[in-house]
Amino acid sequence: MSMRTQVGIIGAGPAGLMLSLLLHREGIDSIVLESRSREEIESTIRAGVLEQGTVDLMTEMGLAERMQREGAIHHGIELRFDGTGHRIDFDTLTDGRGIMLYPQHEVIKDCVAARLNQGGHILFNVEEVQLFDVSSNQPRIRFVHQQQQIDLQCDFIAGCDGFHGVSRSSIPVEVQTVFSRSYPFGWLGILMQAPPSSQELIYTYSARGFALVSTRSPELQRMYIQCDPQDDIANWSDEMILEELQARLATKDNWQLRLGPITQKSILAMRSFVIEPMQYGRLFLAGDAAHIVPPTGAKGLNLAVADVRHLSRALVVYYKQDRTDLLEAYSATCLRRVWRAEHFSWWMTSMLHRFPDDDTFQQRMQRSQLEYTVRSRAASASLAENYVGLPFDW
Ligand code: FAD
Ligand code: DHB
């Protein structure tokens, strides 16, 4: 069987869903192909921090009603080291920009519901997705849906299928350059049923390693500790995790973490990765399909949204004004922001984690960087500007 659409979108993550919504707004037709079920994508726990630009875009798209009700706006973060907390105040250090704590799977739910309400096509549980003729004017996606093989003819293909997707491999090796770094640690993340211990996120550097206190709701808290990326989560009892969190977060003034039952725990590896260019022929990569950041700067989801905003604009001027200049500039336009976020995430990660081969000199360097960041207005402002997110057109 064969089908046709203007833009074939592979992957119903934040990138793919937001792209289909942005295109629909301009009257451009798309079909989203997703290998997992709706239930699975709507329940996978991932990111929690939305930049100001992502919040503004969701608002502009009419997707913000539940986020405004259930999310929490934060105006700063705490950097904690040597047993003392230091607040980075976004209000005074940026032009009034902030962040929103609203979980990624809730964004996914809102986007899926909105797209289906519009009568949009999202095909879940697709299998054997393959791309053909991406360097021609009529690229195709072949896939299996409900035991039926389908050939989807497209004008363009958007590869929004995340780091483990299939799209990226359609860019020939001769024309691509890959930049990557893996880190000698991972994050052990938990969800805990407890009231918040802090009004704002706490990023902690301690002799025992990094710890992060984040939140999901007044009843549910999200926390992370640096760990061995090869470690098995089965080696970590709930008691061990809570003890380690308390030890890393301890302050001179005896700050207390509010405790409760752990309802979910897992370990994630950390990596920096960029493929250049992010486009080949009529295939455009967006989000994690093209780049990965370590989670320390909370940039992954936000970068995915920024990519598809550029891509949708480029497609709109192609269809409405017959212009290809923005499509041609897509990769370079995105990569400027991508590399800024790569640097920021690497910098936050390097400043806040213990490296296994650190010597005392290296530790003094980290401490000095932390002190400079909290004591210098210029350095605090730089952290704040990057954290709340640079404007889309930066
Ligand atoms: P994804 O969200 O990965 O979406 C890709 C979609 O494509 C998926 O639904 C996948 O099922 C689908 N897919 C894959 N292959 C195929 C195929 N062949 N055919 C069809 N569909 C396919 N970022 C933060 O900022 N903070 C965090 O705390 C954080 N935690 C994370 C934890 C984990 C375990 C992971 C994996 C990522 C985390 N991230 C975090 C990163 C953030 O979640 C991602 O940057 C964000 O999801 C990127 O969105 P995306 O749409 O590009 O890709
Ligand atoms: C969360 C994740 C992050 O990577 C981060 O830097 C801050 C918060 C979170 O899941 O809440």
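We're numbering straight along the sequence, starting at 1. Order of listing sets the numbers, starting from 1, for every ligand and every atom in it. These numbers come from a predicted model, not from an experiment. Only heavy atoms go into these numbers, but all of them, side chains included; no hydrogens, no water, no symmetry mates.
Less than 4.0 angstrom separates some heavy atom of Ala298 from each of these atoms of ligand 1: 25 (O). Contact atoms of ligand 2 toward Val49: 7 (C), 8 (C) (distance under 4.0 Å to a heavy atom of the residue). Per-residue contacts place Thr296 under 4.0 angstrom from the following atoms of ligand 2 (heavy atoms of the residue considered): 6 (O). Taking every non-hydrogen atom of Leu201 and a distance limit under 4.0 Å, the qualifying atoms of ligand 2 come out as 7 (C), 8 (C). Taking every non-hydrogen atom of Ala298 and a distance limit under 4.0 Å, the qualifying atoms of ligand 2 come out as 5 (C), 6 (O).
Among protein heavy atoms, the minimum distance from atom 3 (O) of ligand 1 is reached at Arg46 NH1, 2.9 Å. The protein heavy atom nearest to atom 27 (C) of ligand 1 is Ala47 CA, 3.4 Å. Nearest protein neighbour of atom 52 (O) of ligand 1, counting heavy atoms only, is Asp288 N, 2.8 Å. From the protein, the heavy atom lying nearest to atom 46 (C) of ligand 1 is Gln104 NE2, 3.7 Å.
For Trp187, every heavy-atom contact with ligand 2 shorter than 4.0 Å involves the side chain, none the backbone. Heavy atoms of Val129 found under 4.0 angstrom from ligand 1 belong exclusively to the side chain. For Ala304, every heavy-atom contact with ligand 1 shorter than 4.0 Å involves the side chain, none the backbone. With a 4.0 Å heavy-atom cut-off, ligand 2 is reached by the side chain of Ser214 but not by its N, CA, C or O. Only the backbone of Cys160 comes within 4.0 Å of ligand 1, counting heavy atoms alone; no side-chain atom from C-beta on gets that close. Counting heavy atoms under 4.0 Å from ligand 2, residue Leu212 touches it through the side chain alone. Counting heavy atoms closer than 4.0 Å to ligand 1, residue Asn302 contributes nothing at all. Proximity of Asp161 to ligand 1, defined as any heavy-atom pair under 4.0 Å, is shared by backbone and side chain alike.
At under 3.5 Å, a nitrogen or oxygen of Ser35, whether backbone or side chain, sits near a nitrogen or oxygen of ligand 1. At least one N or O atom of Pro295 sits closer than 3.5 Å to an N or O atom of ligand 2. Polar contact check, Tyr203 against ligand 2: a nitrogen or oxygen pair lies under 3.5 Å apart. At a 3.5 angstrom cut-off on N or O pairs, Tyr224 counts as close to ligand 2. Backbone and side-chain nitrogen or oxygen atoms of Pro295 are examined, and none is located within less than 3.5 angstrom of a nitrogen or oxygen of ligand 1. For ligand 1, one of its N or O atoms has an N or O atom of Glu34 under 3.5 Å away.
Ring orientation note: the planes of Phe185 and His353 are close to parallel, at an angle under 30° on the 30°/60° scale.
A donor-acceptor pair is defined here as one N or O able to donate and one able to accept, closer than 3.5 Å; no such pair exists between the side chain of Ser197 and the backbone of Leu257.
Proximity annotation for atom 49 (O) of ligand 1: of Gly13, Gly162, Gly287, Pro14, Pro14 comes nearest, heavy atoms only.
Donor-acceptor pairing under 3.5 Å is recorded for the side chains of Asn254 and Gln256.
For Arg216, the heavy-atom gap to ligand 2 drops under 4.0 angstrom. Contact annotation: Tyr224 has at least one heavy atom less than 4.0 Å from an atom of ligand 1.
Taking a distance limit of 4.0 Å, we find that atom 23 (N) of ligand 1 is approached by some protein heavy atom.
Judged by a 6.0 Å distance limit and a 45° cone about the ring axis, Arg168 is positioned over the six-membered ring of Phe163.
Applying side chain to side chain contact (heavy atoms under 4.5 Å, CB included) to Asp110 and the options His105, Arg66, Met61, Arg115 leaves one that passes, Arg66.
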query = Step by step, would you call Trp339 with Phe179 a ring-ring contact (aromatic ring centres under 6.0 Å, His included)?
reply = CA-CA 11 Å; Trp339 278 113; Phe179 304 85; 5.4 Å; yes
